[in-house]
2 protein chains.
Amino acid sequence: MEKSDTAIQKIKQRIYKAGYKLTPQREDILKVILEKEHLSAEEIYLQVKAINSGIGLATVYRTLELLGELNIINKLAFQDGISRYDINNNDQQHQHHYLLCLNCGKIDEVEQDMLTDVENEIEKNYHFKIKDHRLTFHGLCNKCRKESEDLNKG
Amino acid sequence: MEKSDTAIQKIKQRIYKAGYKLTPQREDILKVILEKEHLSAEEIYLQVKAINSGIGLATVYRTLELLGELNIINKLAFQDGISRYDINNNDQQHQHHYLLCLNCGKIDEVEQDMLTDVENEIEKNYHFKIKDHRLTFHGLCNKCRKESEDLNKG
DNA sequence: CTTGGTGCAAACGTTTTGCAGTATC
DNA sequence: GATACTGCAAAACGTTTGCACCAAG
């Protein structure tokens, strides 16, 4: 039994509770999303195609839309115009944060929230009722930072 | 003398210093961007067309790309797939933050940084060298928050 | 047999590009 | 007259939609 099976069973319940079905296509898409984070629709499509060669890109998009509506996945918009997708673990109301490496393009995640103080400040000063946030840091990941330091030394 | 004139003069210097020219089209585009924030390329195009009817959409895009490279404007990606543009005042290295109202779509700005502590924490824990950040809060603006409260009362 | 789901292809909206023509030094 | 810049139209890109077909209750 794979580790993703229990996750899929839980998701299956949520999908059925909402009145939809977990078709084989949708299950394949979920498996790919559970396996690797921050994939684009096209990347998910290609990976699913390796398992189920008959799938269509439209099905991927429609499934991603459905899963997004049910809050099972998050749709991420970085600045390249391509949407990426993320499993939304444990129903957390606030999205976690991203570390985007400007050099190699790697996307890491910060699980902690860390914004509680900032949000309180903003709610107080701007009379804005915060529901969620998107926070991405742009910079250099550990590997690229080291490489650029070595370059400056040598 | 309009208030945007001095701003445009400063920008002109930066453009020429980088080896480019401030053509009439580029100046018209800058005026529109200085006048109103968060416009999309299409909106900028239409507004410039009102002044200079001969302008082409491609010129708008090419100018926006140029101004982005020179750090004169920021390209903003919210989740609707349309890029919006922002003057990058006083060469600040860190972008300020956005308050996006889920009800009326209004975009407000938070000028303060407020993330210094969070950034120090992340640099320490994740060995990630932060260069910039994007932070958007999703929620209800003052007006929409009041309206929704009134609705719940009445 | 009705409903939801699928694949394909066409359409869509935003952005980019090729190219011939224009403006500026 | 070389170079950067422009407008137009076409292309490219990610995404959505219309439609005929399929699957499951």
Side-chain angles (χ1 to χ4, degrees), chain A residues 11-12 14-30 32-33 38-70 72-86 105, chain B residues 11-12 14-33 38-70 72-86:
Chain A
I11 291 168
K12 187 173 183 174
R14 291 171 66 183
I15 291 175
Y16 274 82
K17 205 172 283 178
Y20 302 102
K21 291 173 198 158
L22 184 63
T23 63
Q25 289 89 334
R26 288 175 181 174
E27 190 166 345
D28 290 341
I29 291 165
L30 271 168
V32 169
I33 296 173
H38 317 127
L39 292 176
S40 67
E42 184 82 26
E43 287 166 340
I44 293 168
Y45 169 62
L46 291 173
Q47 295 225 25
V48 173
K49 239 190 166 177
I51 319 171
N52 172 354
S53 63
I55 199 161
L57 184 54
T59 300
V60 174
Y61 275 104
R62 283 189 279 234
T63 299
L64 293 171
E65 194 191 350
L66 174 67
L67 296 175
E69 273 169 23
L70 300 182
I72 293 166
I73 61 173
N74 294 315
K75 185 175 182 179
L76 313 174
F78 299 110
Q79 13 301 309
D80 59 1
I82 302 171
S83 294
R84 280 156 224 284
Y85 301 86
D86 225 15
Chain B
I11 291 168
K12 187 172 183 174
R14 291 171 65 183
I15 291 175
Y16 274 83
K17 206 173 280 179
Y20 302 102
K21 290 172 199 156
L22 184 64
T23 63
Q25 289 91 334
R26 289 175 181 173
E27 190 166 345
D28 290 341
I29 290 166
L30 270 168
K31 275 180 192 157
V32 168
I33 295 174
H38 319 127
L39 292 176
S40 67
E42 185 81 25
E43 288 166 341
I44 294 167
Y45 168 63
L46 291 173
Q47 295 225 24
V48 173
K49 242 190 161 174
I51 318 170
N52 172 354
S53 62
I55 197 159
L57 184 54
T59 300
V60 174
Y61 275 104
R62 283 188 279 235
T63 300
L64 293 171
E65 193 191 350
L66 174 68
L67 296 175
E69 273 168 24
L70 299 182
I72 292 166
I73 61 174
N74 295 316
K75 185 175 180 177
L76 312 175
F78 297 111
Q79 17 299 313
D80 60 0
I82 304 171
S83 294
R84 280 155 223 285
Y85 301 85
D86 225 16

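Naming convention: chains lettered A, B, ... in sequence-line order (proteins, then strands); numbering from 1 in each chain.
- Per the geometry, CD belonging to E43(B) stands 11 Å off P belonging to dT15(C), to the nearest Å.
- Contact annotation for Q25(B): backbone-only contact, meaning every heavy-atom pair under 4.0 Å involves sugar-phosphate atoms and none involves a base.
- Between I29(A) and V60(A), the closest side-chain pair of non-hydrogen atoms falls below 4.5 Å.
- For the pair R26(B) CZ and dT24(C) C1', the interatomic distance rounds to 13 Å; values are reported in whole Å.
- A straight line from CZ of R84(B) to C1' of dT14(C) spans 12 Å, rounded to a whole angstrom.
- Per the geometry, CG belonging to L39(B) stands 14 Å off P belonging to dT14(C), to the nearest Å.
- As rounded to whole Å, 13 Å separates atom P of dA23(C) from atom NZ of K21(B).
- Rounded to a whole Å, the CG atom of L57(A) is 15 Å from the P atom of dA10(C).
- Looking at heavy atoms from C-beta onward, N52(A) lies in side-chain contact with Q25(A) at the 4.5 angstrom threshold.
- With a cutoff of under 4.0 Å to any heavy atom of chain A, the contacted region of DNA chain D is bounded 5' to 3' by dG14(D) to dG18(D).
- Taking CG of D86(B) as the start and CG of L76(B) as the end, the distance is 4.5 Å to the nearest 0.5 Å.
- Distances shorter than 4.0 Å separate none of the side-chain N or O atoms of R62(B) from OP1 or OP2 on dT17(C).
- The phosphate of dT16(C) has neither OP1 nor OP2 within less than 4.0 Å of any side-chain N or O from Y61(B).
- If you measure from atom CG of L67(B) to atom C1' of dT15(C), you get 16 Å, rounded to the nearest angstrom.
- Using a 4.0 Å heavy-atom distance criterion, S83(B) is classed as a sugar-phosphate-only contact.
- R84(B) places no side-chain N or O within donor-acceptor distance of the main-chain N or O of F78(B), the cut-off being under 3.5 Å.
- Not a single donor-acceptor pair under 3.5 Å links the side chain of R26(A) to the backbone N or O of T63(A).
- Each of Y16(B) and A41(B) was matched to the nucleotide of DNA chain C holding its nearest heavy atom; the match closer to the 5' end belongs to A41(B).
- The closest donor-acceptor contact from the side chain of D80(B) to the backbone of I82(B) lies under 3.5 Å.
- For the residue pair K12(A) / Y16(A), no side-chain donor-acceptor distance below 3.5 Å is found, with atom types taken as modelled.
- Rounded to an integer number of Å, the gap from CD1 of I15(A) to P of dG4(C) is 16 Å.
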